[in-house]
Number of protein chains: 2
Amino acid sequence: MTVIFSKKCEYGMQAVLYLAAYMEKGVIRAEDIASSLKVPKEFVSKILQSLTASGIVYSKKGKFGGFSIAKDPAQIRLIDIVAAIDGLEMFNSCVIGFPHCSPETPCPVHDKWGELRTLAYNMLTEETLDNFKDKTINKIRTI
Amino acid sequence: MTVIFSKKCEYGMQAVLYLAAYMEKGVIRAEDIASSLKVPKEFVSKILQSLTASGIVYSKKGKFGGFSIAKDPAQIRLIDIVAAIDGLEMFNSCVIGFPHCSPETPCPVHDKWGELRTLAYNMLTEETLDNFKDKTINKIRTI
DNA sequence: ACATAATCAGATTATTTTGTCCGAATAAAT
DNA sequence: ATTTATTCGGACAAAATAATCTGATTATGT
């Protein structure tokens, strides 16, 4: 199966966007996030824990605990979430896995794919959560 | 781990590009392909079998058998290899897996990512093997 | 006919990814 | 203090992907 991001990364991005859409609610339980997004509760909970360790998400333990965005949404880029969960190797490795693919000895698709990869990287880097906030609020609340 | 293509698909593309680079040799043994590309022989052999079933690759059984490109390289697009191995769902599904993501109720990254995805799809569709042949011959033969 | 060397097909194993479970720690309310 | 409800941490299980093995079939040359 061809895929861009791992499930972990997908769910992580969904959850963080969700939290950004509901910032005024304070912390939100993993269960609520999971049921809204229709993703496995235990799994998204684990992912949120690791995003907490990365400083992107804040967690409050105990009764009435839950998760929220840890900092100003304008400071959180999508690439930060990808980096925290999946790492950024995909932006530095050959898309078809050719041995010795490098600018000096490129694989046949090196240049073309390199352009696309750069566009993708730039998009993930330029877009911060607050850029999405309006859309996210409008759309996430419909799900 | 974030990834674009599965290993199957990566190896499949590598192998087909390799065969395109050495068309004048006739059929080439799976073992030679595997050792040149530094990929598992049995695995790439399996992949070539399925590409044979898809009509992209020709196989000759028995002694002095092996694999070669089945048709004019100008007729083989990279997207055909992806379609045969991984399928094309990635070009029709939400990149962050949002429930109900569609043009009417898009996920927050729907538009931006959609552009990139279209660029990727077009690249894979427009490029046929013969477009790569010169580069491939020059580069593959150095590995 | 026989030996050799390859693809082919199916079963099997290994690894990675995805998902679940359980119990401990934490915090709030009574 | 006790109950309740949550995160947290580690182990565990299931599923998907990647890789290997074995034997059958096919073709070639002697």
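Model, not experiment: these values are computed from the prediction. Below, chain A is the first sequence line, B the second, and so on; all start at residue 1.
- Protein chain B contacts DNA chain D over a range whose 5' and 3' limits, counting nucleotides with an atom under 4.0 angstrom from a non-hydrogen atom, are D:dA18 to D:dG29.
- Where B:Ile28 and A:Lys41 each meet DNA chain C at their nearest nucleotide, the meeting point lying more 5' is that of B:Ile28.
- Side-chain rings of B:Trp113 and A:Phe5 approach one another, their centers coming within less than 6.0 Å.
- A heavy atom lying under 4.0 Å from DNA chain D marks the following residues of residues 59-71 of chain B, by number: B:Lys60, B:Lys61, B:Gly62, B:Lys63, B:Phe64.
- Looking at residues two or more places apart in sequence or on another chain, you find a ring pair (Phe, Tyr, Trp, His ring centres under 6.0 Å) between A:Phe91 and A:Tyr121.
- Sorted by first and then second residue, the pairs that involve residues 69-95 of chain B and meet side chain to side chain donor-acceptor pair (under 3.5 Å), not counting sequence neighbours, are A:Thr2-B:Asp86, B:Ser6-B:Asp86, B:Arg77-B:Asp80.
- When each of A:Val82, A:Ile81, A:Ile76 is paired with A:Leu78, the side-chain contact (heavy atoms from CB on, under 4.5 Å) condition holds for A:Ile81 and for no other.
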N/O donor to acceptor pairs below 3.5 angstrom from side-chain atoms of residues 54-66 of chain B, sequence neighbours left out:
from	atom 1	to	atom 2	distance (Å)
B:Ser54	OG	B:Ser50	O	3.0

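- Under the 4.5 Å side-chain heavy-atom criterion for Ile, Leu, Val, Met, Phe, Trp and Tyr, A:Val27 and A:Leu51 are members of distinct hydrophobic clusters.
- At least one test fails for A:Lys46 against the ring of A:Phe43: distance under 6.0 Å to the centre or angle within 45° of the axis.
- You'll find the side chain of B:Leu124 stays beyond 4.5 Å of the side chain of A:Val109, heavy atoms only.
- Within the 4.0 angstrom heavy-atom criterion, no nucleotide atom of any strand lies near B:Tyr58.
- Near DNA chain C, meaning a heavy atom under 4.0 Å away, there are no residues from residues 86-93 of chain A.
- For B:Phe67, there are no ring pair (Phe, Tyr, Trp, His ring centres under 6.0 Å) partners two or more places apart in sequence or in a different chain.
- B:Val95 is not listed as a side-chain neighbour of B:Leu116, based on a closest heavy-atom distance of 4.5 Å or more.
- Two residues are said to be in side-chain contact when any heavy atoms from C-beta on lie closer than 4.5 Å; A:Met23 and A:Ser68 fail this criterion.
- A nucleotide of DNA chain C counts as in contact with chain A when one of its atoms lies under 4.0 Å from a heavy atom; the first and last such, 5' to 3', are C:dT18 to C:dA29.
- As judged by a 4.0 angstrom heavy-atom cut-off over every strand, B:Ser45 is placed among residues making no nucleic acid contact.
- In this structure, the helix from C:dA1-D:dT30 to C:dT30-D:dA1 shows an angle of 0° between the axis at its start and the axis at its end, each fitted on 5 base pairs and rounded to 10°.
- Scanning for side chain to side chain contact (heavy atoms under 4.5 Å, CB included) contacts around B:Ala34 gives B:Val39, B:Lys41, B:Val44, with sequence neighbours left out.
- Looking at residues two or more places apart in sequence or on another chain, you find a side chain to side chain contact (heavy atoms under 4.5 Å, CB included) between A:Glu127 and A:Met123, A:Asn131, A:Phe132, B:Lys112.
- Comparing A:Lys7 and B:Ala30 along DNA chain C, the residue whose closest nucleotide (by nearest heavy atom) sits nearer the 5' end is B:Ala30.
- You'll find the side chain of A:Leu17 reaches within 4.5 Å of the side chain of B:Ile96, heavy atoms only.
- Under the side chain to side chain contact (heavy atoms under 4.5 Å, CB included) criterion, B:Ser35 pairs with no residue, sequence neighbours left out.
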